Amino acid sequence: MKASPMVEIKNLKKWFPMKSGFKSKSNLKAVDGVDLHIYGGETLGLVGESGCGKTTIGRTLIKIYEPTDGEFLYRGGDSSEGGVDIFSLSESKMRPFRREIQMVFQDPYASLNPRITVHDIISEGLRVHSMGKSREERKSMIAGILEKVGLRPEYMYRYPHEFSGGQRQRIGIARSMILNPGLVICDEPVSALDVSVQAQVINLLEDLKHDFGLTYLFIAHDLAVVKHICDRISVMYLGRIVETAETDQLFDNPLHPYTSGLLSSIPVPNPHMRKIGKREIVKGDIPSPVDPPETCRFVKRCPRAFDRCCKESPSLREVSDGHFVSCFLYD
Amino acid sequence: MPKFFYKRKLDEIEEKARPVHINSYRQLVWTKFKSHKLALFGAVVLIGVAFFTLLGPLFVEVGYEDMDFSNLFSPPLTEGHPFGTDELGHDVLVRVMYGGRISLFVGFASAVITTLIGTIVGLLSGFYGGIVDRLLMRFVDVMLSIPMFPILITLTLVFGSGIMNIILVLTVFGWMGVSRLVRGLVLSIRETEYVMSARAMGVRNGRIILRHVLPNVIPIVIVSATLNMSYAILAESSLSYLGLGIQPPMPSWGNMLQRAMNYILGTTTGTNPWWLTVFPGFFIFITVLNVNFLGDGLRDALDPKFVSES
Amino acid sequence: MERILEVDNLEISFRTQLGKITPVDGVSFGLSRGETLGIVGESGCGKTITAFSIIKLLPKNAFLGDNTKITFRGRDISTLSSEELQKIRGKSISMVFQEPMTSLNPLYTIGWQISEVYRLHEGLDEDAAMKRSIEMLRLVGIPEPQKRVKEFPHQLSGGMRQRVMIAMALACSPELLIADEPTTALDVTIQAQVLELMNELKNKFSTATIIITHDLGVIAEMCDRVLVMYAGQIVESGDIFDIFDKPMHPYTKGLINSIPKIEISKKDQKKLSVIDGYVPHPSSFPDGCRFRPRCPTAFEKCLEKPPMIESEGHHSVRCWLFEGDDM
């Protein structure tokens with residue numbers, strides 16, 4: 001697996017300009033210099049709290065948002081080998097990659113157009129990418145994928161509102177998977193679902209990954225889910241990656257003070273492992289991402305901050321094999 | 001006996017778990033519309049008014065210009081004139097029927113056209129945003145700040161005042177509200193995950209607008225069309241009342257009222273021909289009222305929030 | 001321990017367009033002073049309306065069953081006048097909701113809103129009420145409370161707003177605190193802060209608390225006793241350790257097994273076990289045992305309504321599998 005990564009994201013930035021009256025222009029730096037790499041066939045987890053920029057990364061990668069800066073090298077980044085910098089492509093050159101890179105959305109209610117049938121929802125991508133020669137062939141493809149995601153093919157002429165949240169999420173997954181993608185960006189795919197349904201969808205995503213040989217970027221805030229499904233995990237804080245490591249490595253030996261605080265904060269569903277009154281609390285609130293100072297982003301909440309943290313901004317460096325951290329403690 | 005024997009198949013569970021058994025969106029809308037008694041009442045009354053004005057004249061031999069000189073200012077229920085006659089011996093019932101055709105036509109036509117224009121402008125403005133949005137919305141502001149009546153007076157002086165001119169003026173000055181409404185809706189639909197999903201898959205803008213955005217604004221558009229219709233009927237009445245709308249001898253509910261104004265304090269013979277105002281006024285009133293009832297019911301029935309499970 | 005709340009045979013029905021539906025049916029439980037009770041279940045199981053009904057906060061089209069009896073400190077809630085209820089709400093029983101932004105009035109400063117509670121329920125004058133408010137805000141860990149009282153809800157972060165809600169809820173030292181998904185809208189680090197705070201305050205005031213949540217982690221951290229609800233009924237109730245260590249009802253087992261185990265390392269994780277099917281809607285609860293269509297161990301008897309069967313140590317379960325066990 002330690003071959004060259006399938007996806008390499010370098011120095012990704014996405015700033016949203018903000019109008020602020022007569023003041024000089026300020027920027028909401030949702031993503032501010034992110035480096036990520038994803039190996040073919042793995043699941044990379046991207047975790048962080050609200051406002052850390054994880055959803056923005058997902059949307060920028062499929063160019064729903066225009067990136068402010070950075071490179072997104074897909075399959076090597078050298079066009080002679082079939083790889084390419086996605087961000088440098090025009091919309092027409094981008095088209096084949098709009099099939100290759102798919103997204104599964106968070107909200108099973110908002111992600112399906114309520115006015116068209118399941119058949120039409122799923123067939124749209126097929127038509128755009130000229131897959132399936134005839135209407136009949138597309139229909140049988142749709143029936144196949146519905147069965148694959150655990151829905152009855154007869155349901156294809158129903159409307160989204162006739163389905164429960166879990167079923168809708170399956171439809172959303174079918175819509176992406178029918179295009180035979182290489183990389184699937186899952187943006188909080190289970191966080192809106194009930195506990196018992198969550199497990200069904202997690203298992204489905206794992207099965208599909210195995211059967212179709214997919215690579216996942218799994219964006220989530222629920223660390224238990226991420227631990228279960230991901231091979232490696234990147235932790236984000238305020239627009240930057242603070243730590244990247246293999247799953248067990250990250251959970252057993254978190255290096256960044258934010259990561260260890262985050263892990264300690266999770267309530268464990270086991271009354272024998274109660275941490276209440278004993279846990280390492282991350283104090284304070286998440287600061288605003290509007291024009292953040294050029295220091296370590298975590299400095300105000302960090303229990304181990306020292307002088308240097310308030311003066312410069314640390315960069316992500318590999319401290320041991322495959323374990324990256326962005327913190328001066330390990331410099 | 002195996003314990004699993006009574007475990008139902010997954011399919012059956014799903015059937016059970018589905019909150020409400022509905023076959024289609026249309027059916028649901030109809031169910032909800034039916035339960036809205038006032039809207040149902042409104043629809044029935046409007047159909048009644050439409051039949052009355054469209055088919056009514058077929059059953060009487062008198063035209064709206066025919067005068068009965070033996071009956072001037074006859075009160076209602078006079079022989080042959082159930083709604084009475086006016087100062088020239090025109091039959092009020094006949095004129096109310098013909099006038100209704102004009103008023104309803106003006107109302108319907110301008111509602112349809114304003115809604116079309118407004119929807120197109122709103123869709124383009126909301127979906128594309130940026131410079132397109134700014135230009136279109138500033139144009140809307142400009143249109144909204146032009147006073148309608150002075151322009152109308154000028155236009156009628158120049159071109160005369162036919163039905164088509166009335167409709168033209170009502171549409172030119174009537175589409176802005178719809179466009180703002182649609183734009184606002186499109187702005188929020190544009191950010192939904194299903195539109196994002198379509199964009200992420202490479203669906204072209206034109207198709208996104210037609211397939212994903214338009215169907216979701218149509219319910220609101222229909223509702224605003226009904227409101228526009230009642231507005232147009234009232235506007236035609238006001239214009240005609242000011243003598244700027246439909247010109248006699250062609251009747252409209254508005255100009256019937258206008259002519260009745262002359263006798264509001266009674267005629268030279270001392271009678272007070274109240275029927276000249278009451279009948280056209282009553283029809284304007286029930287038409288506008290019931291169009292609004294209908295619009296209310298449609299708004300509730302088409303509201304997609306009720307479609308979801310909760 | 002002193003029993004302060006007794007809910008007996010709670011039944012809540014709604015008049016809807018589709019006829020009468022009964023989302024809560026035959027729920028009974030009690031609560032003692034200083035105890036923390038967790039109500040856990042998935043969306044639509046009736047956990048929130050159950051809690052709301054305790055202070056008679058119900059939608060207009062909802063009504064309680066004839067055999068329902070709710071007793072708070074020995075007084076039957078249904079006999080109280082609306083003024084008496086108003087007095088109880090906010091003073092003796094108070095609530096914390098999921099989204100504090102919608103429960104705080106955006107037009108008034110937070111200081112004004114907390115001190116209102118004191119003015120209303122304790123008849124304090126403005127200055128004294130404000131003083132008490134500042135003390136309360138300090139107690140819930142809001143930095144510089146003298147400054148914060150002059151701020152409006154939108155100027156605070158989500159975690160701070162939830163602290164303000166808790167300050168308001170605890171202002172008059174209530175005997176019962178009902179927290180409905182108190183940390184669901186919060187981020188993990190902020191959730192930890194709020195849970196920590198709730199725990200501290202509970203120990204300090206020995207308030208009886210009901211925590212309603214779908215998060216088994218929060219339940220495990222906070223509660224002494226748990227009610228597991230499914231489709232409008234309690235399917236299992238018992239001591240926190242009993243529920244997690246030896247769950248009896250197939251639904252409880254399924255629920256516990258379907259959450260990913262964060263305490264187990266990645267390489268030892270197994271495929272999640274799932275509960276087939278979906279949560280039923282109150283308009284179509286199955287006959288007999290309501291979990292039967294999804295239950296892996298259902299048998300003939302499950303077509304009849306199962307009663308609540310008590311096993312040892314106040315551990316009860318609504319399942320025919322345990323008929324005749326330890327009765």
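Chain letters run A, B, ... following the sequence lines, proteins first and then strands; every chain starts at 1. None of these values were measured; they are calculated from a predicted model. For the numbers below, each heavy atom of this structure counts, side chains included, while hydrogens, waters and symmetry mates do not.
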For a quick test of reading the model, state the closest non-hydrogen atom pair linking [X] to [Y] and the distance between them.
{"X": "A:Q200", "Y": "C:D276", "answer": "NE2-C, 3.7 Å"}
{"X": "C:T189", "Y": "A:E49", "answer": "OG1-OE2, 2.6 Å"}
{"X": "C:A192", "Y": "A:R279", "answer": "CB-CD, 3.8 Å"}
{"X": "A:G284", "Y": "C:I190", "answer": "O-CD1, 3.7 Å"}
{"X": "C:E221", "Y": "A:I276", "answer": "OE1-N, 3.1 Å"}
{"X": "A:A224", "Y": "C:P260", "answer": "O-CB, 3.4 Å"}

Heavy-atom count check: over 12 atoms from other residues, nucleotides or ligands less than 6.0 Å from [X] [atom1]?
{"X": "A:K300", "atom1": "NZ", "answer": "no"}
{"X": "C:H314", "atom1": "NE2", "answer": "no"}
{"X": "C:K271", "atom1": "NZ", "answer": "yes"}

Which portion of [X] sits near chain A, non-hydrogen atoms under 4.5 angstrom:
{"X": "C:Q191", "answer": "side chain"}
{"X": "C:T183", "answer": "neither"}
{"X": "C:Q269", "answer": "side chain"}
{"X": "C:K270", "answer": "backbone"}
{"X": "C:D245", "answer": "side chain"}
{"X": "C:I243", "answer": "neither"}

Against chain C, label [X] side chain, backbone, both or neither, depending on which of its atoms sit under 4.5 Å from a heavy atom there.
{"X": "A:I202", "result": "side chain"}
{"X": "A:Q198", "result": "neither"}
{"X": "A:L263", "result": "neither"}
{"X": "A:I281", "result": "side chain"}

Handout entry: Test side-chain contact (heavy atoms from CB on, under 4.5 Å) applied to C:S43 and A:L193, A:V197, A:D194, the passing residue
Key = A:D194
Greatest number of heavy atom pairs closer than 4.5 Å to chain C - which of [options]:
{"options": "A:T247, A:V225, A:N270, A:V268", "value": "A:V268"}
{"options": "A:H221, A:K283, A:E206, A:K227", "value": "A:K227"}
{"options": "A:D248, A:I266, A:V282", "value": "A:D248"}

Problem - Full working for ring pair (Phe, Tyr, Trp, His ring centres under 6.0 Å) between C:F241 and A:H272 - result: CA-CA 8 Å; C:F241 293 100; A:H272 297 286; 4.9 Å; yes
Problem - Donor-acceptor contact below 3.5 Å, side chain A:D285 vs main chain C:G159 - result: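 No; judged by distance alone, with no hydrogens or angles, the pair does not exist.
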Completion exercise
Separation between CD1 (A:I286) and OG (C:S157), nearest 0.5 Å, reads 8.5 Å
I want to check something: taking the side chain as every heavy atom from C-beta on, are [X] and [Y] in contact at a cut-off of under 4.5 Å?
{"X": "C:S258", "Y": "A:V195", "answer": "yes"}
{"X": "C:V274", "Y": "A:S196", "answer": "no"}
{"X": "C:Y278", "Y": "A:Q167", "answer": "yes"}
{"X": "C:I262", "Y": "A:H228", "answer": "no"}

Problem - Winner by heavy-atom pair count (cut-off under 4.5 Å) against chain A, out of C:G254, C:C223, C:S273 - result: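 Greatest number of close heavy-atom pairs with chain A: C:C223.
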Practice task
Name the member of C:N257, C:L216, C:I275, C:V188 that forms the most heavy-atom pairs with chain A at distances under 4.5 Å.
Solution key: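 The candidate making the most pairs under 4.5 Å is C:V188.
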Exercise for the section: Let me see the working for C:E196 and A:K275 under salt bridge (charged side-chain N to carboxylate O under 4.0 Å, His left out), right down to the final yes or no. Expected result: CA-CA 9 Å; C:E196 224 37 75; A:K275 287 189 283 186; over 6 Å; no
